[in-house]
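One is the number of the first residue; the rest follow in order along the sequence.
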Amino acid sequence: VMERGIVTLKNRIQIAQNQNDSIRVLLPSFSMVPLMFFTGRKEDIPVLMQTIMRLAQQQKNNNILGVIPELKKIIEID
């Protein structure tokens, strides 16, 4: 089920990227982090987090920016 969720979110991200809609890229990207963690794809999370941080900074989304340091601690990434 989680693998299917990742595929669905990746599809949503691709559609949003094709439409140059950074808001619609940010939210599914952020939603994908726990799914990747729980499916054992921890090595893919740092690149995803960099994308999330960049988009959140561009959009001045302080809610997501505020959660990222704690999320990094929980999943033990730099």
* To do: Would you please test Ile74 and Phe37 for side chain to side chain contact (heavy atoms under 4.5 Å, CB included) and show each step?
  => CA-CA 10 Å; Ile74 291 168; Phe37 178 75; 5.8 Å; no
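- Put simply, CE on Met49 and CD1 on Ile77 are 4.5 Å apart, with the number rounded to the nearest 0.5 Å.
- In this structure, the side chains of Leu71 and Phe30 come closer than 4.5 Å at one or more pairs of heavy atoms.
- A continuous path of hydrophobic side-chain contacts links Phe38 to Met36 [ILVMFWY only; heavy atoms under 4.5 Å].
- Of the inter-residue distances, the one linking Ile13 atom CD1 with Leu48 atom CG reads 6.5 Å to the nearest 0.5 angstrom.
- Among the candidates Arg54, Gln17, Gln59, the single residue satisfying the side-chain hydrogen bond (donor to acceptor under 3.5 Å, both in side chains) test with Ser22 is Gln59.
- For the atom pair OG1 (Thr39) and CE (Met2), the distance works out to 7.0 Å, reported to the nearest 0.5 Å.
- Considering only residues two or more places apart in sequence or on other chains, Asp21 meets the salt bridge (charged side-chain N to carboxylate O under 4.0 Å, His left out) condition with Arg24.
- Annotation for Ile64 and Asn61: closest pair N-OD1, 3.1 Å, computed over non-hydrogen atoms.
- Taken from CD1 in Ile52 to CG in Leu65, the straight-line distance is 10.5 Å, to the nearest 0.5 Å.
- For Lys60, the salt bridge (charged side-chain N to carboxylate O under 4.0 Å, His left out) criterion is met by no residue, not counting sequence neighbours.
- Note that CD1 of Ile45 and CD of Glu76 are 11.0 Å apart. Values are rounded to the nearest 0.5 Å.
- Nearest approach of Gly5 to Leu35, heavy atoms of both residues: C-CD1, 4.0 Å.
- Contact detail for Lys42 and Ile75: the closest heavy-atom pair is CE-O, 2.8 Å.
- Clustering ILVMFWY residues whenever any of their side-chain heavy atoms sit less than 4.5 angstrom apart, transitively, puts Leu27 in a cluster other than the one holding Ile15.
- No continuous path of hydrophobic side-chain contacts links Leu55 to Ile23 [ILVMFWY only; heavy atoms under 4.5 Å].
- Leu9 and Pro28 make their closest contact through CD2-CB, 3.7 Å (heavy atoms, listed as atom of the first residue, atom of the second, distance).
- For the salt bridge (charged side-chain N to carboxylate O under 4.0 Å, His left out) test, residues two or more places apart in sequence or in another chain that qualify with Arg41 are Glu3.
- Shortest non-hydrogen contact noted between Pro34 and Ser31 is CD-O, 3.4 Å.
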